[in-house]
Amino acid sequence: MEGRCGEGSHTQSPSCAAVRSRKPCMDTGKHREKASSKKTEPRRATRPSSSDTRGLNGTSTEKRLRYSDCDYTPLCPLLSVAALSLCTRFYRITEPPHVCWDETHFGKMGSYYINRTFFFDVHPPLGKMLIGLAGYLTGYDGTFPFIKPGDKYEHHNYWGMRGFCAVLGSCLPPFAFLVVLELSHSTPAALITASLLIFDTGYITLSQYILLDPILMFFIMGAVLSMVKFNHQRLRPFSWSWWLWLLLTGVNLSGSLGVKFVGLFNILLVGINTAWDLWRLLGDLHLSLVDFMKHLIARMFGLIMLPLFLYTTIFAVHFVILNRSGPGDGFFSSAFQSRLIGNNLHNATMPEYLAYGSIITLKNLRIAGGYLHSHWHLYPEGVGAHQQQVTAYLHKDYNNLWLVKRPNSDDFTWNPELIRHGDIIRLEHKETTRNLHSHLHEAPLTKKHLQVTGYGINGTGDPNDLWQVEVCGGKKGDPVKVLRSKVRLLHRSTGCVLYSSGKTLPKWGWEQVEVTCSPYLKETPNSQWNIEDHVNPKLPNISLHVLKPSFLEILLESHIVMIRGNSGLKPKDNEINSKPWHWPINYQVIWWLNLFSLGLFVVMVSLCCVALQRGAKLGGTKKAHCQVLMEGGGLLFLGWLLHYLPFYTMGRILYYHHYFPAMLFSSMLTGLTLDTFLQNADLLFSPAVSKYILRGGQIVLLVGILHSFYLFHPLSYGMNGPLAHDPTSSMAGLRWLDSWEF
């Protein structure tokens with residue numbers, strides 16, 4: 001008698017109907033054991049293996065019907081998960097009624113979108129755009145300043161932005177439930193996973209504030225769910241559901257990358273899964289090469305072209321909305337700034353050529369290289385000469401202005417004389433009247449370079465104040481064009497070139513960028529400058545409208561600035577941060593169950609591989625369990641690795657919240673692994689005892705998760721009384737390890 005529900009006749013046996021009422025059907029392609037054999041083990045449904053699919057494009061109607069009949073989602077558990085997730089995320093969501101943590105940044109950026117003010121951030125714009133849209137739709141007017149944590153919101157409608165993040169954060173447990181159900185076909189495994197995410201204080205906290213993390217994880221989980229649903233459609237290629245899940249995967253990939261570059265790890269996971277899927281299709285001899293090419297082209301469209309188009313569209317909308325000058329102008333090139341309303345370069349007119357007597361700003365051509373800048377502060381004792389600091393500053397400021405003077409005369413009364421390639425100049429700082437100066441003292445950070453300072457009084461100095469102008473690609477006599485000429489300044493006394501190193505000075509340098517004089521004369525963006533602001537009433541003006549860049553140019557520049565800005569995020573003095581090795585061993589948080597399950601998974605998969613390699617006689621259910629571990633668990637384990645290991649290669653500052661996307665995969669793997677472990681208790685115990693172990697283990701897990709939430713829920717919702725470090729605090733007894741920080 002065949003063991004496939006709905007196959008072979010139009011009527012169903014009572015046993016098939018009973019199996020369908022509990023779980024999706026299991027199709028192993030084998031005959032059911034005879035009635036005289038020992039009792040069948042509790043059955044876990046599995047999808048048809050690749051050996052059962054003879055030609056994905058030419059699958060028989062019978063098999064397609066059977067596969068559709070076995071598709072089943074338990075609605076009551078799913079709805080319960082969704083309800084509990086919403087309740088835990090929205091409970092006391094308006095408290096505290098003041099700015100918390102990174103709401104300072106992302107709430108402010110949402111305000112910038114409402115006010116259409118340009119700003120710079122190291123992440124792509126989608127998350128901030130959605131936060132701004134949520135605030136706008138719920139009545140927030142973009143006027144709250146978001147200056148620092150602790151500032152009271154007062155009458156401002158901040159709840160809409162928090163609520164939006166909470167809604168997306170509430171989707172994570174239902175998404176994880178569906179992913180694990182799809183991979184394991186076990187409702188208990190899905191419930192264990194969902195419980196871990198519903199009652200984890202970390203995920204609750206991240207979902208209750210105006211942050212990018214819940215938005216990022218929403219798109220990550222959306223992509224994973226769409227991917228496994230698409231894999232489920234392999235027997236129905238090019239059907240409407242096949243196309244739906246393929247396109248949804250692409251949409252979510254563009255969304256995750258559009259929030260943070262961490263989305264690249266998700267793209268890599270989907271890419272590996274797709275490559276393996278295509279490799280299996282290529283090995284199917286029942287599938288023609290023409291049909292294989294159709295599969296390939298469809299995936300290229302859905303997973304490459306569509307996400308790329310949507311990702312580019314996100315930036316197009318970003319540039320259209322943020323069309324007014326703001327605090328991010330100085331991070332970008334002069335040509336980029338010329339498109340911003342209110343910027344001094346927007347529809348501006350200024351003299352075309354540089355001349356003696358001009359007041360100018362010099363912008364370094366390295367992306368985020370900054371403006372040549374000085375101020376009244378001196379280099380500290382022990383850092384070169386104790387003279388006035390010269391730095392590169394990323395923002396527009398009065399201290400960026402310099403007066404161009406002749407080498408030996410301050411007389412500008414006659415007709416202005418243009419400055420040309422090879423001419424000698426002095427640059428006098430407009431505010432402090434000290435000259436741009438270099439000498440044989442080493443630079444503060446780049447030790448092989450020379451120090452650059454401000455020297456002299458009221459413009460008087462010494463020969464170390466003289467600089468020779470070099471127009472890159474020019475020849476002697478070529479004039480210096482404003483904005484368009486790439487200029488280098490060669491120090492006459494030492495032969496070095498003015499250079500922005502890109503390194504951030506310590507607090508004594510106001511964390512501005514180091515400026516040096518480099519002995520290495522090779523042309524690089526670090527040593528190239530352009531004249532941005534230019535004032536000289538004795539010269540005729542021209543319009544700068546012709547300098548506006550194209551969309552592709554500003555798109556490329558934006559990504560270069562974001563990538564360099566991300567890599568430049570270094571820990572400040574006494575700033576709390578963490579290392580990647582802290583995360584999986586739960587150095588600061590209570591994720592011991594996930595840590596245990598990672599090790600258990602590796603052991604169980606190893607045992608499965610050895611058993612199969614040695615040809616051990618396993619029943620259909622045991623083979624199904626091995627398949628779930630190796631395929632479903634393997635996919636989740638790969639997702640965890642891809643979202644965790646890359647952080648070891650990053651030089652930027654890292655925080656604990658960077659681990660939460662990887663923890664999504666670890667939590668899903670925990671549910672799948674522990675459920676499989678309990679399902680196989682009959683390998684060591686009698687069927688009667690194993691049944692009690694299965695149910696008892698599931699109950700202990702759920703009760704343990706709930707009890708942990710009961711103990712530590714004040715970490716998410718706040719606490720009354722003394723602070724946590726006070727011995728009389730209600731949280732004092734829960735600080736089980738000295739490394740924990742409440």
Side-chain angles (χ1 to χ4, degrees), residues 23 41-47 77 81 172-173 175-200 203 221 224-225 228 269 273 583-586 590-612 618 621-645 659-685 690 693-705 708:
K23 292 182 181 179
E41 299 169 297
R43 298 177 59 180
R44 173 191 295 216
T46 61
R47 301 298 182 205
V81 165
L172 301 181
F175 282 4
F177 177 92
L178 292 172
V179 169
V180 173
L181 183 66
E182 192 71 29
L183 295 176
S184 68
H185 318 296
S186 169
T187 301
L191 284 174
I192 293 171
T193 296
S195 299
L196 288 171
L197 299 181
I198 289 172
F199 299 111
D200 183 85
Y203 284 107
M221 286 302 300
V224 174
L225 176 59
V228 298
L269 174 65
N273 177 78
W583 304 339
I585 64 171
N586 309 300
I590 316 168
W591 290 336
W592 294 336
L593 184 61
N594 283 335
L595 176 63
F596 168 77
S597 299
L598 283 170
L600 180 62
F601 168 77
V602 173
V603 171
M604 291 175 64
V605 166
S606 300
L607 291 176
C608 284
C609 292
V610 170
L612 293 175
L618 300 176
T621 303
K622 293 296 181 282
K623 285 187 177 180
H625 291 164
C626 288
Q627 181 181 347
V628 166
L629 277 175
M630 291 188 293
E631 294 185 4
L635 180 67
L636 297 176
F637 187 70
L638 177 62
W640 175 75
L641 290 175
L642 292 176
H643 286 79
Y644 170 58
L645 292 183
Y659 187 56
F660 277 85
M663 274 298 298
L664 289 172
F665 292 92
S666 180
S667 298
M668 290 188 287
L669 184 61
T670 294
L672 184 147
T673 301
L674 294 181
D675 181 68
T676 304
F677 178 77
L678 294 173
Q679 292 272 8
N680 286 275
D682 58 343
L683 291 174
L684 301 176
F685 303 96
S690 64
I693 292 176
L694 172 63
R695 298 306 175 203
Q698 292 169 346
I699 293 173
V700 168
L701 281 172
L702 293 176
V703 171
I705 293 169
S708 175

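We use all heavy atoms of the structure for the numbers below, so side chains are in, but hydrogens, waters and symmetry mates are not. Throughout, residue positions are numbered sequentially from 1 according to the sequence presented.
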[atom1] of [X] to [atom2] of [Y]: how many Å apart, nearest 0.5 Å?
X      : Y      : atom1 : atom2 : value
Asn594 : Trp583 : CG    : CH2   : 15.5 Å
Ser690 : Arg695 : OG    : CZ    : 10.5 Å
Ile192 : Phe177 : CD1   : CZ    : 11.5 Å
Gln627 : Ser184 : CD    : OG    : 12.0 Å
Asn680 : Leu683 : CG    : CG    : 5.0 Å
His643 : Leu269 : NE2   : CG    : 6.5 Å

Does the pair Gln679 and Leu674 meet the rule for a side chain to side chain contact (heavy atoms under 4.5 Å, CB included), with working shown? CA-CA 9 Å; Gln679 292 272 8; Leu674 294 181; over 6 Å; no

Side chains of [X] and [Y] in contact at under 4.5 Å (non-hydrogen atoms):
X      : Y      : value
Val610 : Leu607 : no
Val228 : Leu183 : yes
Leu172 : Ile198 : no
Phe665 : Leu635 : no

Nearest heavy atoms of [X] and [Y], plus distance in Å:
X      : Y      : result
Asp675 : Pro188 : OD1-CB, 3.5 Å
Thr670 : Ser597 : CG2-OG, 3.2 Å
Leu225 : Val179 : CA-CG2, 3.6 Å
Phe601 : Leu629 : CE1-O, 3.4 Å
Ser195 : Ile705 : O-CG2, 3.6 Å
Cys626 : Leu618 : SG-CD1, 4.2 Å

Could you walk me through whether Met668 and Met221 pass side chain to side chain contact (heavy atoms under 4.5 Å, CB included), step by step? CA-CA 11 Å; Met668 290 188 287; Met221 286 302 300; 3.7 Å; yes

Which is it for Phe685 and Ile693 under the side chain to side chain contact (heavy atoms under 4.5 Å, CB included) test, yes or no, and what are the steps along the way? CA-CA 9 Å; Phe685 303 96; Ile693 292 176; 3.3 Å; yes

Looking at [Y], is its backbone amide N or carbonyl O close enough to the side chain of [X] to form a donor-acceptor pair, meaning the two atoms are under 3.5 Å apart?
X      : Y      : value
Asp200 : Leu196 : no
Tyr203 : Leu664 : yes
Thr193 : Ala189 : yes
Ser708 : Gly704 : no

Would you please classify the geometry between the Tyr659 ring and the Tyr644 ring as parallel, tilted or perpendicular, with 30° and 60° separating the classes?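 The arrangement is perpendicular - the two ring planes meet at more than 60°.
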
Between Phe175 and Val224, does a side chain to side chain contact (heavy atoms under 4.5 Å, CB included) hold up when you go through it step by step? CA-CA 9 Å; Phe175 282 4; Val224 174; over 6 Å; no

